[in-house]
Amino acid sequence: MVHPEDKTRLKQALQRLSAQSAIGLEYRIIDRTGNIRWLKIRAQRNSALAKNQADRIDGVVHDISDQKRVEYHLSYEAYHDNLTALANRNSFIRQSNQLLHAFKENPSERFAVLFIDLDRFKRINDSLGHYVGDQLLQQVAKRLQQCLRPFDLIARIGGDEFAILLKNLSQPEDPIIVAKRIHSQLTEAIRIENQIFFVSVSIGIVIASFRHASAEELLRDADIAMYQAKKEGKARYQLFNESMHIDSVRRLDLERDLRIALNNQEITLHYQPIVNLETQVVTGFEALARWTHPQKGFISPADFIPIAEESGLIVELGEQILRQACHQLKQWNSCFPEVSTYTMSVNLSGKQLQSLSFIDTLDEILNANNISGHQLKLEITESLLMDNHDSILTLLNSLLKRDITLSLDDFGTGYSSLSYLHRFPLSELKIDRSFVSRIEDDIQSQEIVKTILNLANTLNMSVVAEGVETLGQLKYLKILKCNKAQGYLFYKPLSKTDVDKLLEDHANHWMSA
Ligand code: C2E
Ligand code: CA
Ligand code: CA
């Protein structure tokens with residue numbers, strides 16, 4: 001009745017009994033009805049007291065099937081993911097640690113970790129519900145499994161995150177081959193209840209090395225690489241390299257410091273004058289964020305704004321910036337009468353607009369500073385318009401009702417799709433500095449600027465050229481009949497005190513005239 005797989009073990013144990021006095025063993029039998037039962041045996045040999053007498057073996061057999069079932073269940077639960085029946089994070093960590101250990105004993109046993117994250121899964125889950133989301137995860141799990149050899153391990157380690165252990169690498173390119181296989185395996189549509197889905201994944205890859213102390217470190221590096229892959233556009237893979245680690249540590253540091261800076265209101269504004277090209281007079285300012293870190297010194301907004309956006313801090317930061325800009329405008333309005341014809345342009349990030357309280361906050365700030373909408377311009381970027389059509393349109397229209405001007409920043413660098421412009425209530429385009437800087441010697445840039453100006457003209461929008469640095473550029477822009485410009489040729493971004501001086505000079509100039 002003994003289970004074929006356990007026969008040898010049992011025989012060996014019984015043989016051992018001739019050399020030692022007691023044995024203990026768990027083994028399976030197959031009972032008459034064909035069910036497997038687990039037995040636990042403890043046996044001991046009492047040697048014959050005298051010659052010619054038989055040895056006596058006695059022992060106890062327990063049926064431990066129930067206990068085994070519970071144990072199995074518990075260990076299955078502990079190491080598997082319910083939804084996909086794949087291994088779970090625990091199991092992945094345990095096996096990675098074993099492999100890492102083996103690798104350090106024998107460096108020829110190379111292995112890699114792949115971190116896989118579904119692109120845009122949240123959107124599917126949110127809009128179509130958890131049932132569809134779950135089905136999708138199950139199907140993706142199956143596809144991923146098909147890309148692996150039997151001895152590789154795949155686990156679901158988080159909501160829409162999977163990890164793979166690729167064992168016995170024969171060449172460093174192996175993980176890349178697998179990553180490509182995964183991408184091609186997923187190009188085929190997934191069908192769920194008569195709906196068709198196309199999913200893609202971003203993959204981060206790390207090859208285990210001596211510098212990894214634990215499985216958690218391997219996963220962390222693969223995660224960092226995955227994040228990089230995502231950033232460079234979705235449906236990609238990325239191999240981890242050391243500079244990414246430094247980068248991500250730096251980012252975390254900066255994010256922490258930014259939180260402190262927000263609390264201490266360390267972020268201030270500079271104001272870059274915008275001039276009318278025909279009359280050369282100042283028509284307004286663009287508020288630009290400035291951060292002087294107490295230890296690290298000046299940090300460019302090009303570095304900290306993206307971090308604020310990713311971490312969500314931009315909502316609070318943006319509010320502080322808007323408040324500062326309006327407060328400053330109020331002061332200048334009251335000291336210099338001509339400022340009431342000026343506008344203040346404030347950069348806005350998409351995340352700010354998505355925040356539910358945005359309009360209320362804006363109204364509150366305008367009221368508190370007694371600023372009317374026509375003095376405020378909000379600069380937004382193309383990506384914001386492309387990402388969320390309908391909801392954004394409603395919001396932009398409610399800004400328009402308040403007489404606020406909407407300006408499209410960095411025009412030409414994003415989607416370069418002109419067709420959607422008329423759908424949004426925009427009244428100003430800002431031509432990106434990259435075109436302006438090449439306008440003197442690059443015919444293509446000239447053509448682009450000319451086209452943008454024509455287009456703006458037909459759509460009844462005004463145009464601001466950004467980053468004008470030379471007289472040559474100015475000349476071209478005038479020929480092309482560009483309305484306004486900003487740039488070092490006219491003014492750099494100025495501190496509040498410098499703007500005060502500028503406005504005083506203007507006032508004196510008008511008095512004497
Ligand atoms: P942007 O909105 O395109 O701002 C114009 C950038 O060009 C500013 O850089 C400005 O200092 C710089 N600039 C102006 N004239 C010239 C010129 O003649 N030559 C050159 N080489 N550069 C010129 P800055 O202040 O470093 O800001 C960089 C970017 O950071 C901004 O680009 C904007 O995208 C973002 N940013 C700055 N302040 C804020 C803010 O308050 N909120 C948000 N959401 N983003 C901001
Ligand atoms: Ca801007
Ligand atoms: Ca710009």
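Not measured: the values here are computed from a predicted model. Order of appearance sets the numbers: ligands from 1, and atoms from 1 within every ligand. Residue indices begin at 1 and follow the sequence shown.
- Among protein heavy atoms, atom 43 (C) of ligand 1 sits closest to Asn347 CB, 3.5 Å.
- Not a single side chain to side chain donor-acceptor pair (under 3.5 Å) links Gln324 to another residue, sequence neighbours left out.
- For Asn460, the CG atom sits in a loose shell: 12 or fewer heavy atoms of surrounding residues, nucleotides or ligands are nearer than 6.0 Å.
- Listed by number with element, the atoms of ligand 1 under 4.0 angstrom from any heavy atom of Glu286 are 2 (O), 4 (O).
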Could you pull out every donor-acceptor pair under 3.5 Å between side chains of residues 295-308 and any protein atom, sequence neighbours left out?
from   : atom 1 : to     : atom 2 : distance (Å)
Lys296 : NZ     : Asp257 : OD2    : 2.8
Ser300 : OG     : Ala302 : N      : 3.0

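- When the heavy-atom distances from atom 35 (C) of ligand 1 to Ile305, Thr470, Val346, Asp432 are ranked, the shortest goes to Ile305.
- In this structure, the protein non-hydrogen atom closest to atom 41 (O) of ligand 1 is Ile321 CD1, 3.2 Å.
- A salt bridge links Lys501 with Asp498: the distance from a Lys NZ or Arg NE/NH1/NH2 to an Asp or Glu carboxylate oxygen falls below 4.0 Å.
- Considering Ala289, Ser300, Pro306, Pro301 only, the shortest heavy-atom separation from atom 27 (O) of ligand 1 involves Pro301.
- For Asp223 and Arg220, the salt-bridge test fails: no basic side-chain N is under 4.0 Å from an acidic carboxylate O.
- Of all atoms in ligand 1, listed by their number and element, those nearer than 4.0 Å to a heavy atom of Pro493 are 11 (O).
- Comment: Lys351 does not engage Glu316 in a salt bridge, judged by the lack of any side-chain N to carboxylate O separation of less than 4.0 angstrom.
- In this structure, atom 4 (O) of ligand 1 lies nearest to the protein heavy atom Leu288 CD2, 3.6 Å.
- Residues Leu165 and Ser96 are in side-chain contact: their nearest non-hydrogen atoms beyond the backbone lie under 4.5 Å apart.
- Closest to atom 19 (N) of ligand 1 among all protein heavy atoms lies Glu469 OE2, 2.4 Å.
- A salt bridge links Arg259 and Glu255; the closest N-O separation between the charged side-chain nitrogens and carboxylate oxygens is under 4.0 Å.
- Look at Lys492 and you'll find every heavy atom at least 4.0 Å from all atoms of ligand 1.
- Under the 4.5 Å side-chain criterion, counting only non-hydrogen atoms from C-beta, Asn397 is not in contact with Lys401.
- In terms of protein heavy atoms, atom 3 (O) of ligand 1 is closest to Asp410 OD1, 3.2 Å.
- For atom 29 (C) of ligand 1, the nearest protein heavy atom lies 4.0 Å away or farther.
- If you check each of Leu489, Leu322, Asp409, Val468 against atom 2 (O) of ligand 1, the one with the closest non-hydrogen atom is Asp409.
- Screening Lys230, Lys231, Arg236 for a salt bridge (charged side-chain N to carboxylate O under 4.0 Å, His left out) with Asp117, the sole residue that qualifies is Lys230.
- At the shortest separation from atom 7 (O) of ligand 1 among protein heavy atoms lies Arg433 NH1, 3.7 Å.
- Considering backbone and side-chain atoms together, Gln486 places no N or O closer than 3.5 Å to any N or O of ligand 1.
- In the vicinity of Glu466, heavy-atom distances shorter than 4.0 Å reach the ligand 1 atoms 3 (O).
- No more than 12 heavy atoms of other residues, nucleotides or ligands lie within 6.0 Å of CD in Gln444, so this atom counts as exposed by the packing criterion.
- Here the OG atom belonging to Ser248 is positioned 7.0 Å from the CZ atom belonging to Phe240, to the nearest 0.5 angstrom.
- Within the 4.0 Å cut-off (strictly below), a protein heavy atom is located near atom 45 (N) of ligand 1.
- In terms of polar-atom proximity, defined here as any N/O pair under 3.5 Å, Gln272 does make such a contact with ligand 1.
- Residues meeting the side chain to side chain donor-acceptor pair (under 3.5 Å) test with Asp500, sequence neighbours left out: Trp332, Lys496.
- Among protein heavy atoms, the minimum distance from atom 18 (O) of ligand 1 is reached at Tyr488 N, 2.7 Å.
- Protein heavy atoms come within 4.0 Å of atom 11 (O) of ligand 1.
- Looking at His270 against ligand 1, nothing comes within 4.0 Å, counting heavy atoms.
- Considering only heavy atoms from C-beta on, Leu348 comes within 4.5 Å of Phe358 through its side chain.
- One finds a salt bridge joining Arg402 and Asp363 here, because a Lys/Arg side-chain nitrogen approaches an Asp/Glu carboxylate oxygen to under 4.0 Å.
- Counting protein heavy atoms under 4.0 angstrom from atom 16 (C) of ligand 1 gives one or more.
- The shortest side-chain heavy-atom distance between Leu453 and Asn457 does not fall under the 4.5 Å cut-off.
- Close contacts between ligand 1 and Gly487 involve ligand atoms 15 (N), 18 (O) [criterion: under 4.0 Å to a heavy atom].
- Gln446 places a side-chain N or O within donor-acceptor distance of the main-chain N or O of Ile439, the cut-off being under 3.5 Å.
- The number of protein N/O/S atoms found under 3.0 Å from the Ca ion (ligand 2) is 4.
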